[in-house]
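Right, one structure below, let's go through it.
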Amino acid sequence: MAKKNMIALILAGGQGSRLSPMTKVMAKPAVHFGGKYRIIDFALSNCSNSGIDTVGILTQFKPQALNAHIGIGTPWDLDRVHGGVAMLPPYMSEQGGDWYKGTANAVFQNLSFCDQYDPEYLLILSGDHIYKMDYREMLKQHVANDAAATIAVINVPLEEASRFGIMNTDGNGHILEFEEKPAHPKSTLASMGIYIFTYKKLKEYLIKDAEDPDSSYDFGKNIIPAMLANNETMVAHEFKGYWKDVGTIQSFWEANMDLLSTDNEVKLFDTSWKLFTQVKIRPSQYIGTNAVISDSIITEGCIVDGEVRHSILFPGCRVDKNARIVDSIIMEDCVIEGNVIVNKAIILEGSVVKASNVIGNGEKIAVIEAGTVLEPNFSGKI
Amino acid sequence: MSKEYMAIFNLDEDESDIKALTAKRTIASIPIGSRFRVIDFMLSNVVNAGVTNVGIFTETNSRSLVDHVGDGKAWDLNRKNDGLFLFTHRLLDIANFESKMLQNNMEYLFRSRSEFVILTSSYFVCNLDVREVMKSHEASGADVTVVYTHTDRADRDFINCFTLEVDTEHMNVTGVGKNIGFIPKADICMEFFILKKSLLISLIQENARNRRYNDFYELVFGKLNALNFNAFKFDGYVACINSKSSYFKANMDMLSMDVSNELFRSQRPVYTKIKDEPPTIYVDGCEVSNSLVADGNIIRGKVKNSIIGRFVVVEEGAVVENSIILQNVRISAGAHLYGAIIDKNVVISENAEYKGDEYFPTVVEKRNMYLP
């Protein structure tokens with residue numbers, strides 16, 4: 001098969017338990033985001049826009065929604081003759097089979113997939129981050145430094161630095177030290193979980209790591225420290241732009257709300273770096289005579305005749321006359337009937353809130369599970 | 001059943017009353033309903049009946065059509081066997097239908113394995129259950145089935161369409177004429193026919209020899225006495241997009257929930273090309289009411305009773321009323337539109353005014369991307 005310069009693997013096996021109940025039926029990368037997308041669309045669109053035509057997606061936890069979403073990769077132009085997209089779940093072999101025991105182990109188990117393309121470089125991505133990034137810039141830096149590994153980093157506020165893996169670098173961007181969630185951070189450059197490895201080098205380390213029964217088989221805990229200990233050339237690629245790990249309900253809500261200004265940092269409207277997704281064809285949104293809308297994102301198939309402020313409506317939602325939605329995220333095909341107040345809530349797909357209900361109190365984020373039907377005047381505490 | 005059918009779209013449609021919108025495209029590829037194109041409706045109707053072999057015959061000016069239908073993927077027509085076939089010359093211009101053209105087109109007809117042919121134009125916007133027409137045709141045993149609709153507004157709508165005289169007892173077609181807008185009540189031919197492929201071939205061959213007719217409709221209706229015509233009455237919403245005013249009205253009709261539910265929210269969806277636009281942002285201070293809005297828009301101004309296409313920016317203080325805005329348009333601050341159709345890629349400058357009405361909407365024509 002044709003040799004590829006760089007291929008990508010997206011780690012999409014995470015459960016995302018802190019995002020429950022959104023992750024009740026799907027892996028975190030498949031969670032809906034931003035009106036018409038799923039979280040993994042960011043990494044996939046970045047690959048597509050960066051000219052990467054071979055992408056493996058490592059899945060493990062509840063992959064059905066992800067499989068259905070990605071299909072043969074057509075929306076991301078990844079339905080290719082050579083390469084394209086491949087779903088890579090754990091598998092059985094003559095020696096038996098294992099679940100993916102860690103990020104490094106997941107890649108180790110798929111070395112044969114990578115070998116088919118004989119790549120010079122391997123790009124490892126996380127499937128649950130919100131950002132737009134040109135991986136070609138990162139590769140340029142990697143090649144120029146003849147590095148074994150290049151790690152994308154972002155400057156975070158000092159008070160938050162101890163939540164991240166922190167890179168301590170010299171003046172030239174070479175990584176001297178890596179500390180996972182340090183109590184007293186020496187720098188504010190946080191790892192974004194985006195790595196470019198020189199493939200041959202990485203393969204050596206992965207094989208050695210797999211032989212160590214005490215390893216956690218993790219990039220951050222094992223592979224990166226081992227490479228540093230061996231004085232490999234490790235480079236930090238500083239990313240300046242919007243990046244968010246939507247790990248919790250709070251950060252998920254915030255990242256969605258970040259989209260609600262026209263100059264939002266994710267640049268949804270930047271047509272030179274489009275976000276692609278699987279689209280179900282629906283008619284345009286209909287805005288009725290009683291609608292009052294401000295600071296909101298609304299998309300195809302919605303019928304809005306109520307009040308929507310500072311909120312996001314996913315495809316096919318209906319908001320009836322005299323309903324009021326504030327600071328909320330309403331996912332696909334929900335119905336919000338009249339005399340309903342939704343104040344700072346996330347209502348998951350297919351839910352119906354019948355007339356005269358109040359959801360959310362404007363403080364703590366209320367979450368309504370998918371497919372919930374709230375009878376009229378339910379007015380229980382949600 | 002549907003494997004037995006192929007569909008041929010004849011895009012040789014009369015553009016004389018809608019020229020402002022067809023200078024750079026066919027009627028079939030005029031954007032309509034904020035995110036669709038005219039042909040999407042009939043193409044989806046045919047596909048929703050399980051037809052997988054569709055030939056589109058167009059004459060010239062087909063760049064935008066070819067760009068729109070592509071390989072047919074949006075309609076599930078990118079098939080290994082059958083699928084979508086585009087012919088950029090007319091099938092039905094029978095007067096010039098000689099030697100090579102005849103051979104090429106006949107080759108397509110002969111090679112298709114279908115027993116029946118659906119022949120249709122693109123410009124009737126409706127959600128037609130084509131399976132019902134197929135059933136009616138097969139049950140009737142007729143040579144040709146024609147779909148028609150009854151209207152009480154023929155003095156305003158369906159101008160220049162064929163009218164049919166229908167014997168409603170036997171559902172036979174007994175005569176054909178043209179709607180010149182004098183009489184309100186009429187049975188309008190929806191230019192949707194079913195006939196056996198072998199019959200179509202023999203009609204074309206016969207005409208190639210004696211050259212009596214100039215187009216397909218003349219050819220078929222010329223056989224009104226010789227063949228048995230079954231009439232299929234369609235009772236749903238239908239509009240014919242053959243003039244500026246009918247285009248304007250059809251768009252406005254889609255603001256009605258009844259029409260939009262019938263067209264878009266039935267078991268038979270309308271498919272169209274995907275453009276990967278972000279959702280629409282409604283900025284603080286915007287005022288939108290009774291409007292159909294596509295994705296990819298930034299709305300800061302006032303929009304009322306209007307149809308807004310994709311990638312449209314309505315700036316602060318701009319007012320868009322009773323208007324149709326096509327793709328990639330910017331309405332600058334303070335501009336005021338009423339009864340206007342703004343075609344693609346246009347920038348309406350600050351404080352500009354365009355006014356028209358439903359019979360004579362003001363059209364700002366499509367701008368080429370390469371012009372400054």
Side-chain angles (χ1 to χ4, degrees), chain A residues 33-37 41 45 48-49 74-77 79 256 259-264 266-271 273-305 308-316 318, chain B residues 31-36 40 44 73-76 78 251 254-257 259-261 263-266 269-300 303-313 315 328:
Chain A
F33 185 87
K36 62 193 292 189
Y37 307 102
D41 291 339
S45 302
S48 180
N49 287 318
T74 311
W76 306 272
D77 211 14
D79 50 339
N256 272 285
L259 302 174
L260 291 180
S261 74
T262 44
D263 51 355
N264 68 75
V266 192
K267 299 195 173 73
L268 280 185
F269 282 81
D270 179 1
T271 48
W273 201 271
K274 276 188 180 179
L275 263 180
F276 305 107
T277 190
Q278 196 77 252
V279 177
K280 196 167 137 195
I281 297 287
R282 296 173 185 263
S284 289
Q285 50 204 286
Y286 173 74
I287 310 299
T289 41
N290 303 296
V292 178
I293 306 173
S294 70
D295 273 336
S296 293
I297 278 181
I298 302 179
T299 184
E300 291 150 354
C302 288
I303 301 174
V304 179
D305 204 23
V308 182
R309 293 194 188 276
H310 201 256
S311 293
I312 293 181
L313 302 191
F314 279 71
R318 201 183 89 202
Chain B
I32 185 169
S34 134
R35 68 161 307 182
F36 297 93
D40 290 345
S44 301
K73 184 167 175 56
W75 299 267
D76 202 27
N78 56 338
N251 273 283
M254 291 179 199
L255 291 175
S256 128
M257 236 36 250
V259 170
S260 120
N261 283 340
L263 285 179
F264 300 120
R265 294 183 181 86
S266 78
V270 184
Y271 304 100
T272 190
K273 184 185 172 188
I274 289 164
K275 286 266 170 75
D276 296 300
E277 63 277 22
T280 283
I281 292 195
Y282 295 83
V283 182
D284 200 11
C286 76
E287 266 181 74
V288 183
S289 89
N290 190 35
S291 293
L292 207 49
V293 183
D295 271 6
N297 299 335
I298 302 175
I299 314 282
R300 299 172 194 276
V303 177
K304 194 179 168 188
N305 307 336
S306 292
I307 311 288
I308 313 289
R310 316 189 227 206
F311 299 111
V312 170
V313 178
E315 289 186 357
N328 198 25

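In this text, all values refer to a predicted model and were calculated from it rather than measured experimentally. Throughout, protein chains are lettered first and strands after them, A, B, ... in sequence-line order, and every chain is numbered starting at 1.
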### Over 12 foreign heavy atoms within 6.0 Å of NZ, K273(B)
yes
### Task
Take atom CZ of R282(A) as the centre, draw a 6.0 Å sphere, and report whether it contains more than 12 heavy atoms from other residues, nucleotides or ligands.
yes
### Query
side-chain hydrogen bond (donor to acceptor under 3.5 Å, both in side chains) with N305(B): which residues, sequence neighbours excluded?
N290(B), N322(B)
#### Entry: D276(B): partners by side-chain hydrogen bond (donor to acceptor under 3.5 Å, both in side chains), with sequence neighbours left out
none
Does any heavy atom of chain B fall under 4.5 Å from the side chain of [X], the backbone, both, or neither of them?
X       : answer
F314(A) : neither
I303(A) : side chain
T74(A)  : side chain
I293(A) : both
T271(A) : side chain

Under 4.5 Å from a heavy atom of chain A, the part of [X] involved:
X       : answer
M257(B) : side chain
E277(B) : both
I307(B) : neither
K73(B)  : side chain
R265(B) : side chain
L292(B) : both
V293(B) : both

### Message
Let's test your reading of the structure: which of S296(A), G35(A), S294(A) forms the most heavy-atom pairs below 4.5 Å with chain B?
### Response
S296(A)
### Message
Quick check on the interface: out of T299(A), I281(A), I287(A), who has the most heavy-atom pairs with chain B under 4.5 Å?
### Response
I287(A)
Nearest heavy atoms of [X] and [Y], plus distance in Å:
X       : Y       : answer
P279(B) : F269(A) : O-CZ, 3.4 Å
V303(B) : S291(B) : CG1-OG, 3.4 Å
G309(B) : V312(B) : O-CG2, 3.5 Å
G33(B)  : S284(A) : O-OG, 4.0 Å

### Message
With chain A as the partner, which of L263(B), V270(B), V288(B) has the greatest number of non-hydrogen pairs under 4.5 Å?
### Response
V288(B)
## Note on the structure
Taken to the nearest 0.5 Å, the spacing of F311(B) CZ from N297(B) CG works out to 8.5 Å
### Message
I need the N264(A) CG to D270(A) CG distance, nearest 0.5 Å.
### Response
10.5 Å
